[in-house]
Amino acid sequence: MSVAPPQGLFAVSQALCTLFILLLPLALAGLALINTGLSRSRSAAHTMMATLCIVGVAAAVFYAAGFSLEGFAALPSHSLTLRGREWGWVGAGRWFMRDVPLDGSPASFAALLQMMSVGLAALIPLGAAAERWRLGACCVSTALFAGITYPLFAHWVWGAGWLARLGMNYGIGMGFLDAGGSSTVQAVGGLTALSLVWLLGPRRGKFNLEGTPAALPGHNTVLVLFGCLLALVGWMGLNCAGAILFAGVQPGRTALVLANTLLSAAGGVLAAAAITRSRFGRPDASLSANGWLSGLAASSAGCAFFAPASALIAGLVAGALVTFTVAWIESRLELDDPAGAISVHAIGGISGILAVGVLPFAPGVLGGVSPAAPGIEPRGQFLAQVVGVATLIGFILPFTYSLNWLLNRVMPQRIPPEEERKGADLHELGAGAYPEFVTHTDEFTQW
Amino acid sequence: MSLDHHLASGLHKQNLWRIPAGGADSSLSALNLLNLVGMKVIGLLMMPAGWFIVLAAVALLRLLSAQEVFVAAGCAVEILGLVLIIRSPAGVKGESE
């Protein structure tokens, strides 16, 4: 048993796919605003400029090489045969998408969707490495991400690779399920963010010698919260298009996907607001924004399958997790992640992946088949999801760390410390984002 | 982010951020440094090792319960590798520091 992408699309599905993919740039805009709002004003223009560069490089590299490595269900792939079972490892398409006519076929929509979703995934590390990541290095790192890391894992999940076929080959549930990209987009991006934070180290002045974190607050909470609203619309597009293209969801079922996405985000923000209210005496705006995004990240995996109550629970869990892990990562692990990208996307995404193996599905999805249906071992689906998470932590994290470590040897990725004090805007772009309105007082970072 | 607002608004009591970060470990001997970097490399190698255990469990075992046990063991090895990297100061301070 496995979830199969559609072999062809009816006109209504094509129209819906086009519409949903058109919404995706709003997710990019939302994440860009969140990353910018959470960085200091001295690096605001740099963060937005880096966003444009990352989206541009990711789309170009994915077009040139990424999609050929990722492939799609009906496209050729390289596979190993182990004991009579095929393990699809990597796509075998032609460079520059020469075997994908952009004619409304499922493969063409999948390619178009991912030219944008790879940009969304590549924006996640920017939030974690903000204010200290060189523009040039960030472009090359994004090229490696969009050309190698993302397509490899996406092939295993969305390109009929070995993870997707765990059910068909080994009877493990219905194979690894992820309709909207909690793993391929969110967790892969979040783990890349973790590896970059390890490599770059904290911003100057973030930790003292005892490891106590300093306050380096973001410069615009309004941008952050508005970014969350934009991200919701973009995520709805991403989840719906993914559900149609990668989980074979019928067009009418997108109502369920939309409801699940909204409910998961709602659960995330409510959990984060309630927990910060009880811990600190008042709800924290930036942690609540993190909860909202974390709910969205968790919604993607099961958006096509969950019953609405399940989506709400997945969001609540992700939102609760993020409030604790942001603090834990900062104060215990001494990692400087200005946007909370590791907690939101890696941990939120992984919680969403695991939720698919635990929470009940809506009646009638997957042709009425669910992991709890007769003939399917209920524990099998959870095992399939755990195998996917183990692959993310056991392969993707060391792989993306190694790629960025090598790049760092050839091309140092961090802005020089003295230039960092002036701000990435002045160092990299020659001008600040707010030349007439903001004076840098070094209020929090005197040395 | 997130905590920053609380730190700034005075909820965090330890107001010690004026001391610059970095440059603190100059007293590390070469041997210590080797140990620290070694911890990180071992941690990085343990994560794929755990993943191979997971792959082997999926490919070679038939019983679901046996698969679950070996997948859990593989995940434990991965987490151990992750903990080693996190506990290694060389892993936390950053290559570029």
Side-chain angles (χ1 to χ4, degrees), chain A residues 38 82-83 85 166 170 172 197-202 204-210 212-218 280 284-287 290 326-327 330-331 333-335 337-340 377 379-380 383 386-387 389-391 393-395 397-398 401-402 405 408 412-414 417 444-447, chain B residues 1-24 40 43-55 57-62 64-65 67-68 71-72 74-75 77-79 81-82 85-97:
Chain A
L38 290 171
L82 284 176
R83 305 178 87 183
R85 270 114 178 178
L166 283 176
Y170 296 101
I172 302 178
V197 168
W198 272 337
L199 282 169
L200 296 178
R204 278 183 70 85
K206 179 64 188 174
F207 297 102
N208 65 18
L209 296 181
E210 285 77 36
T212 308
L216 303 177
F280 307 125
D284 182 275
S286 60
L287 271 177
N290 270 357
V326 161
E330 186 166 291
S331 54
L333 304 188
E334 295 178 31
L335 295 176
D337 177 2
E377 174 61 60
R379 280 152 46 207
L383 184 64
V386 171
V387 170
V389 173
T391 305
I393 296 173
F395 176 77
L397 178 58
Y401 179 85
S402 306
W405 181 84
N408 200 37
Q413 299 203 48
R414 181 164 182 152
F444 298 107
T445 56
Q446 292 172 12
W447 48 67
Chain B
M1 93 175 232
S2 45
L3 278 191
D4 289 338
H5 287 278
H6 285 295
L7 292 165
S9 61
L11 291 171
H12 195 280
K13 302 298 179 196
Q14 290 178 291
N15 186 8
L16 298 170
W17 57 70
R18 287 160 201 275
I19 302 170
K40 188 173 167 187
L44 272 176
L45 291 175
M46 282 180 75
M47 288 196 279
W51 182 55
F52 283 124
I53 294 173
V54 170
L55 288 186
V58 169
L60 302 177
L61 301 174
R62 287 287 164 269
L64 188 65
S65 53
Q67 285 177 333
E68 283 173 341
V71 167
C75 291
V77 173
E78 289 182 9
I79 290 168
L82 197 56
I85 296 179
I86 288 169
R87 300 290 291 180
S88 153
V92 173
K93 293 283 182 193
E95 292 272 330
S96 306
E97 278 288 283

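Note that the structure is predicted; figures quoted are calculated from it, not measured. Chain identifiers are assigned alphabetically (A, B, ...) following the order of the sequence lines, protein sequences preceding nucleic acid strands; residue numbering begins at 1 within each chain.
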> Which answer fits B/L45, side chain, backbone, both or neither, if we ask what part of it has an atom under 4.5 Å from a heavy atom of chain A?
Replying inline: neither

>> To the nearest 0.5 Å, what is the distance between CE on B/M47 and CZ on A/F395?
In response: 12.0 Å

>> Looking at every heavy atom in both B/V54 and A/A390, which two are closest together, and how far apart are they?
In response: CG2-CB, 3.9 Å

> Say you draw a straight line from CH2 of A/W198 to CD1 of B/I85; how long is it, rounded to the nearest 0.5 Å?
Replying inline: 4.5 Å

> Is there a side-chain contact (heavy atoms from CB on, under 4.5 Å) between A/R83 and B/L60 once you walk through the steps?
Replying inline: CA-CA 9 Å; A/R83 305 178 87 183; B/L60 302 177; 4.0 Å; yes

> Under 4.5 Å between any side-chain heavy atoms of B/E78 and A/L397, yes or no?
Replying inline: no

> With a 4.5 angstrom heavy-atom cut-off, which part of A/P398 approaches chain B: side chain, backbone, both or neither?
Replying inline: both

> With respect to B/V58, which candidate in A/L82, A/L383, A/L166 satisfies the side-chain contact (heavy atoms from CB on, under 4.5 Å) definition?
Replying inline: A/L166

>> Taking side chain as everything from C-beta outward and backbone as N, CA, C, O, which of these in B/I79 sits under 4.5 Å from a heavy atom of chain A? Side chain, backbone, both or neither.
In response: neither

